[in-house]
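Below: one structure in structure tokens.
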Number of protein chains: 2
Amino acid sequence: MFLNAALETTAAEGIEAVTARRLAADIGYSPGTIYQVFENLDDVVAQLKVAILDRLIARLNAVPARGTPEKRLLALIDVYVAFAAEEPRLWHALFEADPPSGAPLPEWFGAHISRGLTLVETVLAPLFKEEDKAGAARAATTIWAGLHGIVSLARSSAVSRASGQETKVLARDFALTYLAGIAARRT
Amino acid sequence: MFLNAALETTAAEGIEAVTARRLAADIGYSPGTIYQVFENLDDVVAQLKVAILDRLIARLNAVPARGTPEKRLLALIDVYVAFAAEEPRLWHALFEADPPSGAPLPEWFGAHISRGLTLVETVLAPLFKEEDKAGAARAATTIWAGLHGIVSLARSSAVSRASGQETKVLARDFALTYLAGIAARRT
DNA sequence: CTCCATAATTAAACATTGTTCAGTTAATTG
DNA sequence: CAATTAACTGAACAATGTTTAATTATGGAG
């Protein structure tokens, strides 16, 4: 219940609106109860991030697993960019917002993020020889990170914020060019 | 004075430690005085970000303007990654931290960020034909954004956090591969 | 030097935040 | 039904950003 309320508030008003009293009031409880379910607000936010990541990964998993790796990667990118465009506050809460206290995220969170990475890695695998698993992993990391950077820059810069389409073009071009570079440098 | 104190506190303890009372106490003033110099704490943080960006850009400007575009770009990247490694709290405050209130940054901040972009664009210019200024701009945007994403992911992921060297290799590889992709797709 | 006007600075107050905990209510078990 | 356990509350505390009346310092005119 707490997480559902936190998710709704975040989607509608941003993660900064998720306060202890607000969260409790939304489901008809008192603030103190939160601390019997969660360690503190950082814990709430950490689990909220996992819930948001689950949503994103569910969408990514929903793209059909057929076609060339390039086409599949572009489909993943479109889904990612669309998620950031449709749910900007969720994307921000997941990838950009700090825990309320400013403390680092718990260690177990890294394992969740890597689910996104391995998803990209799986799609990219056919492009790499079997003995070059490290290359596939590195490419997946770079594309995942680059995608994040492009969406992040697009959100903060007033330039391309007007046309949401621009981000999609930029992200697609980045991925295709990077893959072309891998092919070119290999030969 | 306020900005200097804020910069020192941020470098040492992170931007979350920059509070109104702390800031005032550090220079021997009372909290209320801040509001005769700044509009509010968001304003302090915004100007602090500009100060940090000035530092980063000063370092980027210090790289020699000779050699091939590729070598010059790699030098820029090394400086960027080194800055993030040596001053992680400043990098975080500049690129990742939200304003205290969660409100968006003022419009004039975008103009400052674009200084970094044009710097990369200048280095990349010789690689593009004169009529393809848009291509150079897009490449600069992608590299700047990708660099941000790689450093951001490296910081949040426990995987490569241990060896700070990994980030540099990843960033260099990303840039070179992306440029190779541009060359390959053009022919 | 004195007096006054202006500027600079303060200290206290207010609302809101996360968090704790003794006390109260609800549920469950023997 | 009684007693134990669990769930929950509401008031309190410290710390936050921000405002403002009061105070102090500054500087110029006579």
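Labels below follow one simple rule: chain letters A, B, ... track the order of the sequence lines, proteins then strands, and each chain is numbered from 1. What you are looking at is a predicted structure, and each value in this text was computed from that prediction instead of being measured.
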> Taking atom P of C/dG18 as reference, at what distance in whole Å does atom OH of A/Tyr35 sit?
Replying inline: 6 Å
> Is the number of heavy atoms from other residues, nucleotides or ligands under 6.0 Å of A/Arg55 CZ greater than 12?
Replying inline: no
> Would you say D/dG17 has OP1 or OP2 under 4.0 Å from some side-chain N or O of B/Ser101?
Replying inline: no
>> Under a 3.5 Å threshold, yes or no: a donor from one side chain and an acceptor from the other, between B/Tyr80 and B/Trp144?
In response: no
> Do any side-chain nitrogens or oxygens of A/Ser30 fall under 4.0 Å of OP1 or OP2 in D/dT9?
Replying inline: yes
>> Can you identify which nucleotide, out of D/dC8, D/dG17, C/dT19, has its nearest atom closest to the A/Gln36 side chain?
In response: D/dC8
> Whole-Å distance between C/dG18 C1' and A/Ile34 CD1?
Replying inline: 10 Å
> With a 4.0 Å cut-off on heavy atoms, is B/Thr19 in touch with a base, just the backbone sugar-phosphate, or nothing at all?
Replying inline: sugar-phosphate
> Does B/Ala20 or A/Gly28 map to a spot on DNA chain D nearer the 5' end, using the closest nucleotide for each?
Replying inline: A/Gly28
> When the distance from CD of B/Glu16 to P of D/dG17 is rounded to whole Å, what number comes out?
Replying inline: 12 Å
> Taking atom C1' of D/dT18 as reference, at what distance in whole Å does atom OH of B/Tyr29 sit?
Replying inline: 20 Å
>> Quiz question: by atom type and distance under 3.5 Å, do the side chains of B/His92 and A/Asp98 form a donor-acceptor pair?
In response: yes
>> Using whole Å, what does the distance between atom C1' of nucleotide C/dT17 and atom CZ of A/Arg21 come to?
In response: 6 Å
> Please give, in whole Å, the distance from C/dT17 P to A/Arg22 CZ?
Replying inline: 10 Å
> Which whole-number value in Å describes the distance from B/Leu23 CG to D/dT18 P?
Replying inline: 12 Å
> In whole angstrom, what separates B/Asp42's CG from D/dT16's P?
Replying inline: 16 Å
>> Any salt bridge linking A/Glu121 with A/Arg138? Criterion: basic side-chain nitrogen under 4.0 Å from a carboxylate oxygen.
In response: no
